[in-house]
*Asks:* 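Encoded as structure tokens, here's the structure I'll be asking about.
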Amino acid sequence: MEYKEIILSLKNLIKDVKYDVTILSNTSAFLFGNLNNINWVGFYLTKDDGMHLGPFCGKVACMFLPYNKGVCAKCATTKEAIIVKDVHEFKGHIACDSNSNSEICIPLFINNKLYAILDIDSPIKNRFNDNDLKNLKEIVNILETEILKSQILLD
Ligand code: SME
């Protein structure tokens, strides 16, 4: 599916949902089913002690990631998205699925506070480019808006 269609469908899928976990769960399944050459899509929730596994699709993954090692850690500590063309060349990369060869991480912020990392793995080297980055950032913006709204729906 093209990003344009993915974004439109995702907006419909997650609007007026009450719980963040519900939004993140179906977003993982939706991206996993509609992005090409992907073997893992999910969210790590950024807590004080480190990053805890959230909703995802793919093989069983590391349930806890520290802030001082790995691709997600780099994304969380710099608060910037990161594309890793070849995970085997990234010092400290944490391999959850041995099929992964490239990776992209994008931070999510709620009320200006780091909230989660969207992490996507591919079995292909150099899978992610600037177009993926631009569109996935737009998806993350939609998630941030809907999660913020979901908190208001809960009140
Ligand atoms: N590769 C990540 C760990 C998470 S898995 O890819 C699902 C990292 O180095 O932080």
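Ligands are counted one by one from 1 in listed order, and the atoms in each one are counted from 1 as well. Since we're looking at a predicted model, the values are computed, not measured.
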*Asks:* Looking only at side-chain N and O atoms, does N99 offer a donor or acceptor that is under 3.5 Å from a partner on N39?
*Replies:* no
*Asks:* Around D130, counting heavy atoms of other residues, nucleotides and ligands shown, do more than 12 lie under 6.0 Å from its CG?
*Replies:*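 No, not enclosed.
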*Asks:* For I147, is there any backbone N or O sitting under 3.5 Å from a side-chain donor or acceptor partner on S150?
*Replies:* yes
*Asks:* Rounded at 0.5 Å granularity, tell me how far CG in N101 sits from CG in N37.
*Replies:* 11.5 Å
*Asks:* Can you tell me the protein heavy atom closest to atom 4 (C) of ligand 1 and the distance?
*Replies:* D119 OD2, 3.3 Å
*Asks:* Using heavy atoms and a threshold below 4.0 Å, how should the contact between F90 and ligand 1 be classified: side chain, backbone, both, or neither?
*Replies:* neither
*Asks:* What residue and atom, counting heavy atoms only, is the protein's closest point to atom 8 (C) of ligand 1, and at what distance?
*Replies:* V71 N, 3.3 Å
*Asks:* Show me which atoms of ligand 1 lie under 4.0 Å from any heavy atom of G70.
*Replies:* 9 (O), 10 (O)
*Asks:* By number and element, which atoms of ligand 1 are closer than 4.0 Å to a non-hydrogen atom of W40?
*Replies:* 7 (C)
*Asks:* So, is L65 polar-close to ligand 1, with some N/O to N/O distance under 3.5 Å?
*Replies:* no
*Asks:* Nearest to atom 1 (N) of ligand 1 by heavy atom, I82, D97, I94: which?
*Replies:* I94
*Asks:* Give the atom numbers and elements of ligand 1 that come within less than 4.0 Å of a heavy atom of C72.
*Replies:*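 Ligand 1 atoms under the 4.0 Å threshold to C72: 8 (C), 10 (O).
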*Asks:* Please round to the nearest 0.5 Å and tell me the distance separating atom CZ of F43 and atom CG of D119.
*Replies:*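 Here the interatomic distance stands at 10.0 Å.
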*Asks:* Could you tell me, atom by atom, which parts of ligand 1 come under 4.0 Å of a heavy atom of H93?
*Replies:* 1 (N), 9 (O)
*Asks:* Checking contacts here: is it the side chain or the backbone of E103 that comes within 4.0 Å of ligand 1, counting heavy atoms only? Could be both or neither.
*Replies:* side chain
*Asks:* Within a distance under 4.0 Å of any heavy atom of D121, pick out the atoms of ligand 1 and give their elements.
*Replies:*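 This gives 5 (S), 6 (O) as the contact atoms.
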*Asks:* Looking only at heavy atoms, is any part of V87 under 4.0 Å from ligand 1, and if so is it the side chain, the backbone, or both, or is it neither?
*Replies:* neither
*Asks:* Hey, what do you get for CD1 (I38) to CD (E103), rounding to the nearest 0.5 Å?
*Replies:* 10.5 Å
*Asks:* Quick check: does any side chain N or O of S100 sit under 3.5 Å from a backbone N or O of D121, one acting as donor and the other as acceptor?
*Replies:*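 Such a contact is absent between S100 side chain and D121 backbone.
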*Asks:* Indicate yes or no for a side-chain donor-acceptor contact from D132 to the backbone of N129 under 3.5 Å, with no hydrogens or angles considered.
*Replies:*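 Judged by distance alone, yes, a pair lies under 3.5 Å.
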*Asks:* Any idea which atoms of ligand 1 are less than 4.0 Å away from a heavy-atom of C96?
*Replies:* 3 (C), 4 (C), 5 (S), 7 (C)
